[in-house]
Amino acid sequence: MRQLSSTFVFVSISLFSAAWAASVVTKKEVVDKSTAEFEDTLNDADFESNLHQRYDLHTLGIKVKDDPTIGNYSEGDILLESPKKFVEENNKLGRNAIRQMYRRWPNGEIPYTLSSQYGSYARGVIANAMNEYHTKTCVKFVARDPSKHHDYLWIHPDDGCYSLVGKTGGKQPVSLDSGCIQVGTIVHELMHAVGFFHEQSRQDRDSYIDVVWQNVMNGADDQFEKYNLNVISHLDEPYDYASIMHYGPYAFSGSGKKTLVPKKSGSERMGQRVKFSDVDVRKINKLYNCPSGGSSNSNSNSNNNQINTNSIVNNHPQV
Ligand SMILES: [Zn+2]
């Protein structure tokens with residue numbers, strides 16, 4: 001009897017230790033910059049890792065901003081040399097532009113490679129974020145095949161979180177450093193790459209939010225750029241405070257006071273970086289003409305050249 005109970009204790013401790021060991025993630029399982037970097041892709045195991053336990057990166061000693069998608073680039077985390085120049089160039093294209101600076105990915109298929117410096121935890125979280133697209137939209141992230149795919153995303157831990165908007169050609173960087181390894185943050189960055197700007201860049205945003213310019217930190221005015229309809233399309237969807245692409249109320253505040261004040265109700269989730277809103281999902285499905293996506297007016301969208309929602313570019317001739 002005695003032996004039995006000690007065996008029981010031993011087994012219990014072993015099980016507990018195994019569970020503990022399995023649950024602890026180290027910084028290196030997020031990003032390990034000491035290893036050689038090459039272009040890798042995710043495997044089935046990464047996509048199958050459900051990651052029931054997701055970590056608060058702070059507990060791993062990783063510095064995370066309140067909103068990691070607020071970076072140091074134009075429009076926070078959109079990699080553009082000059083948003084103003086971008087808008088001017090697009091406006092110049094005027095009515096005759098079939099050419100688009102940013103384009104949709106053919107068939108909604110987005111080839112990618114991934115840095116070998118990501119550890120198993122980061123790979124699982126990135127796969128989880130891609131799965132959000134795979135389960136809710138027809139956009140599909142596929143491992144790049146160099147013999148087929150010239151244009152692709154290169155996902156790597158460069159500096160903060162950033163992305164370009166839409167397909168820009170060639171090897172297109174997406175940065176997710178260790179502070180960005182959270183599903184909502186990655187869904188946000190990938191949505192830029194899919195073709196979307198920030199929600200508050202919409203042409204009609206002044207009806208929905210006030211930008212409190214005196215609270216915006218010096219030099220950050222550009223972060224609140226607004227695009228006209230030559231640049232972005234709203235895809236017949238309403239302004240969406242709950243979009244995963246909307247800035248939060250304190251974005252780029254220099255004073256600790258609010259920089260964005262909603263003018264209407266329904267803004268409780270403004271700035272959330274947890275998951276797609278329903279409207280986000282509909283817009284992606286419309287942009288890519290997904291079979292099950294869009295609403296009853298999806299036919300009216302299939303004929304236009306518009307690229308995005310609060311997304312990009314394109315000038316549909318207004319005859
Ligand atoms: Zn962003």
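Values below: every heavy atom of this structure, side chains too, minus hydrogens, waters and symmetry copies. Here, residue 1 is the first one in the sequence, and each next residue gets the next number.
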List in chain and number order the residues that pass side chain to side chain donor-acceptor pair (under 3.5 Å) with [X], two or more places apart in sequence or in another chain; answer none if no residue qualifies.
X    : answer
K275 : none
D56  : H58
T26  : E29
D280 : S243, S277

Considering residues at least two apart in sequence or located in another chain, which fulfil the salt bridge (charged side-chain N to carboxylate O under 4.0 Å, His left out) criterion with [X]?
X    : result
D278 : none
R144 : none
D177 : none
E37  : none

Can you tell me how far the OH atom of Y288 sits from the SG atom of C138, to the nearest 0.5 Å? 9.0 Å

Could you check E39, Q172, K167 and say which one makes a side chain to side chain donor-acceptor pair (under 3.5 Å) with Y152? E39

Student check: side-chain heavy atoms of [X] and [Y] closer than 4.5 Å:
X    : Y    : value
P157 : Y118 : yes
T69  : Y162 : no
F141 : Y112 : yes
I110 : K140 : no
E237 : R282 : yes
R202 : H234 : yes
T113 : I155 : no
H198 : Q223 : no

Residue N107 excluded, over 12 heavy atoms near CG under 6.0 Å: no

Any carboxylate oxygen within less than 4.0 angstrom of a Lys/Arg side-chain nitrogen, looking at E199 and K283? yes

The criterion is ring-ring contact (aromatic ring centres under 6.0 Å, His included); which residues satisfy it with H246, sequence neighbours excluded? Y239

Pair up each side-chain donor or acceptor in residues 252-260 with any protein partner under 3.5 Å, not counting sequence neighbours, and list the distances.
residue	atom	partner	partner atom	Å
S253	OG	S255	N	3.3
S253	OG	G256	N	2.9
S253	OG	K257	N	3.1
S253	OG	K257	O	2.7
S255	OG	N215	OD1	3.4
S255	OG	K257	N	3.2
T259	OG1	P249	O	3.2
T259	OG1	A251	N	3.4
T259	OG1	A251	O	2.6

Report the C-alpha separation of M191 and H188 in whole Å, then their side-chain angles, then the decisive distance to 0.1 Å, and conclude whether the side-chain contact (heavy atoms from CB on, under 4.5 Å) test is met. CA-CA 5 Å; M191 197 161 159; H188 174 104; 5.8 Å; no

With ILVMFWY side chains joined below 4.5 Å, transitively, what does V261's cluster contain besides itself? V212

After noting the C-alpha distance and the side-chain angles of R54 and N128, does the key distance pass the side-chain contact (heavy atoms from CB on, under 4.5 Å) rule? CA-CA 11 Å; R54 288 179 185 154; N128 270 217; 2.6 Å; yes

So salt bridge (Lys or Arg N to Asp or Glu O under 4.0 Å) across residues 106-132, not counting sequence neighbours, yields D40-R123, D46-R123, E132-K136

Going through the checks in order, is the side-chain contact (heavy atoms from CB on, under 4.5 Å) test met by W105 and V194? CA-CA 7 Å; W105 297 84; V194 164; 5.5 Å; no

According to the interplanar angle, ranging from 0 to 90°, do the rings of H156 and W154 count as parallel (below 30°), tilted (30 to 60°) or perpendicular (above 60°)? parallel

Could you label the plane-to-plane angle of the W213 and F224 rings as parallel, tilted or perpendicular, counting under 30° as parallel and over 60° as perpendicular? perpendicular

